[in-house]
Amino acid sequence: MIIVFLLFLLFLFCPSENPEPGVMTTKPKLCYFRGRGRMESICWLLATAGVEFEEEFIETTEQYEKLQKDGRLLFGQVPMADGMVLTQTRAILSYLAAKYDLYGKDPKETVRINMYADGTLDLMMMTAQAAFKPPEEKEENLTLIVKKAKTRYFPAFEKILNDHGEDFLVGNKFSWADIQLLEAILMVEELDASVLSDFPLLKAFKARISNIPTIKKFLQPGSPRKPPPDSHYVEVVRGILQF
């Protein structure tokens, strides 16, 4: 189950098909299931950087098998291409963060950004996996996620903001870590709207980052941002990956 789950969390990111002869297109295409998973953080980062992208949704087993037959699934995972073929979501996020100046100015800032992003990713993956839990376990699992957010993750980030005394998590510069923390906060708020009631600095952080123009646009209805996973999404993914 865990191996299959990791497979479905990865995605394709490739140049648009059929460019004009002699012209290289730079508009990326995301190919994934019609939902969040690990691809959602890529959407957030691209949207924040002001990069337009296309999406092609995998909705049948045949589509998924074609990717396998075409030999594009390095490590058995759906790849990314941006003038080159890549795999692994974490590597792709790091690449895009560096490309769009959303990383630190030196190795010490970069490693802190990576550390904070990995921490929020742990919380987000717990939330994503909850949709695939059996009904009798799902409610208990969601309650545990909110509890961990309140007692482990959000206290840590509240302390970081307090000790740092700046608007952003690392240095005094907006970074990938800020984007992903906002994404994590909004995911947990979908489970408990009052989850930030004891975290005034995080509440202010949420308001501040949400008002960055490109992020504000991404949060509006009609953007590529995906809704929480529903039963149809779970059924489609289970059917395609046969678990």
Side-chain angles (χ1 to χ4, degrees), residues 8-58 67 72 74 77-105 109-110 113-114 116-118 120-121 124-125 128 167-187 205-228:
F8 105 81
L9 289 177
L10 297 167
F11 56 91
L12 173 69
F13 181 17
C14 63
S16 300
E17 295 179 2
N18 303 319
E20 295 180 16
V23 177
M24 178 177 240
T25 177
T26 58
K27 190 173 183 179
K29 178 188 288 183
L30 304 178
C31 181
Y32 191 69
F33 303 105
R34 193 184 293 270
R36 287 181 180 174
R38 291 288 289 273
M39 187 185 74
E40 189 71 359
S41 291
I42 305 299
C43 293
W44 271 84
L45 202 154
L46 287 170
T48 300
V51 178
E52 292 187 3
F53 56 91
E54 299 175 358
E55 294 179 283
E56 178 181 329
F57 298 111
I58 300 174
L67 291 172
R72 304 195 66 184
L74 184 64
Q77 299 161 345
V78 186
M80 162 188 162
D82 182 24
M84 57 183 160
V85 176
L86 304 171
T87 61
Q88 303 294 340
T89 305
R90 178 67 168 72
I92 295 162
L93 285 165
S94 297
Y95 163 73
L96 292 174
K99 181 174 182 177
Y100 296 112
D101 194 27
L102 293 165
Y103 243 155
K105 69 178 187 293
E109 287 194 356
T110 297
I113 289 169
N114 288 340
Y116 298 159
D118 281 353
T120 52
L121 182 60
M124 289 191 293
M125 286 305 96
D167 287 347
F168 307 114
L169 289 172
V170 178
N172 191 25
K173 181 183 174 184
F174 180 54
S175 75
W176 164 35
D178 299 303
I179 301 169
Q180 198 154 288
L181 177 55
L182 175 62
E183 183 186 359
I185 287 170
L186 295 179
M187 287 178 71
F205 172 89
K206 172 195 164 186
R208 189 163 56 245
I209 304 302
S210 295
N211 277 302
I212 291 173
T214 51
I215 292 181
K216 188 174 183 178
K217 180 180 178 182
F218 187 64
L219 294 174
Q220 299 303 308
S223 83
R225 186 181 177 218
K226 306 299 181 300

With sequence neighbours left out, what residues match [X] under side chain to side chain donor-acceptor pair (under 3.5 Å)?
{"X": "D167", "answer": "none"}
{"X": "W44", "answer": "none"}
{"X": "T48", "answer": "none"}
{"X": "R208", "answer": "none"}

Excluding sequence neighbours, so at least two apart, what forms side-chain contact (heavy atoms from CB on, under 4.5 Å) with [X]?
{"X": "K173", "value": "D101"}
{"X": "S175", "value": "I113, A177, D178"}
{"X": "K216", "value": "N211, Q220"}
{"X": "A98", "value": "Y103"}

Self-check item: Test side-chain contact (heavy atoms from CB on, under 4.5 Å) applied to L181 and F168, W176, F205, the passing residue
Solution: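 Result: among F168, W176, F205, F205 is the only option passing the side-chain contact (heavy atoms from CB on, under 4.5 Å) with L181.
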Self-check item: Qualifying residues under salt bridge (charged side-chain N to carboxylate O under 4.0 Å, His left out), relative to E40, sequence neighbours excluded
Solution: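 Not a single residue meets the salt bridge (charged side-chain N to carboxylate O under 4.0 Å, His left out) criterion with E40.
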Quiz prompt | Residue list, salt bridge (charged side-chain N to carboxylate O under 4.0 Å, His left out) with K105, at least two apart or on another chain | solution =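 Applying salt bridge (charged side-chain N to carboxylate O under 4.0 Å, His left out) to K105 gives E109.
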Quiz item: Taking atom types as modelled, is there a side-chain donor on E183 or S41 under 3.5 Å from an acceptor on the other?
Solution: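 Yes - a donor-acceptor pair under 3.5 Å links their side chains.
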Quiz item: What closest approach, in Å, do A117 and Q180 show between heavy atoms, and which atom pair accounts for it?
Solution: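 What the structure gives for the nearest pair is O-NE2, 2.7 Å.
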